[in-house]
Amino acid sequence: MRSFRKVMKVPFGVSHPKWLIKSGAKLIGTEAELVLKSRNVIPQRLLHSGFKFQFVQIEKALSNLLLS
């Protein structure tokens with residue numbers, strides 16, 4: 001979220017209570033755990049297969065999405 005705020009030029013973010021996130025997730029039909037739990041994911045399988053990411057840094061990927 002820090003990277004997203006940086007790209008969007010939003011100086012600060014507001015924390016949301018867990019109950020609000022769970023309610024919102026239920027409303028749109030997704031899992032709240034996707035937001036509430038951190039995951040450090042390393043795409044070893046992709047990298048070992050020779051996959052090359054177009055954007056290595058999240059800020060550059062987000063900027064590209066916003067410009068599209």
Check the surroundings of atom CD in E31: do more than 12 heavy atoms from other residues, nucleotides or ligands lie under 6.0 Å from it?
no
Could you list who else is in V14's hydrophobic cluster, with ILVMFWY side chains joined at under 4.5 Å, directly or through other members?
F12
Under the side-chain contact (heavy atoms from CB on, under 4.5 Å) test, which residues partner H16, sequence neighbours left out?
L20, I21
Output a table of donor-acceptor pairs, distance under 3.5 Å, between side-chain atoms of residues 41-66 and any protein atom two or more places apart or on a different chain; print 'none' if there are none.
from, atom 1, to, atom 2, distance (Å)
H48, ND1, Q44, O, 2.8
S49, OG, R45, O, 2.7
E59, OE2, S3, OG, 3.0
S63, OG, E59, O, 3.0

Could you tell me which residues satisfy salt bridge (charged side-chain N to carboxylate O under 4.0 Å, His left out) with K9, sequence neighbours excluded, listed by chain and number?
none
Partner set under side-chain contact (heavy atoms from CB on, under 4.5 Å) for A25, not counting sequence neighbours:
T30, A32
Residue pairs involving residues 15-27 (criterion salt bridge (Lys or Arg N to Asp or Glu O under 4.0 Å); sequence neighbours excluded)
none
If two hydrophobic side chains count as joined below 4.5 Å and joins carry through other members, does F4 share a cluster with V10?
yes
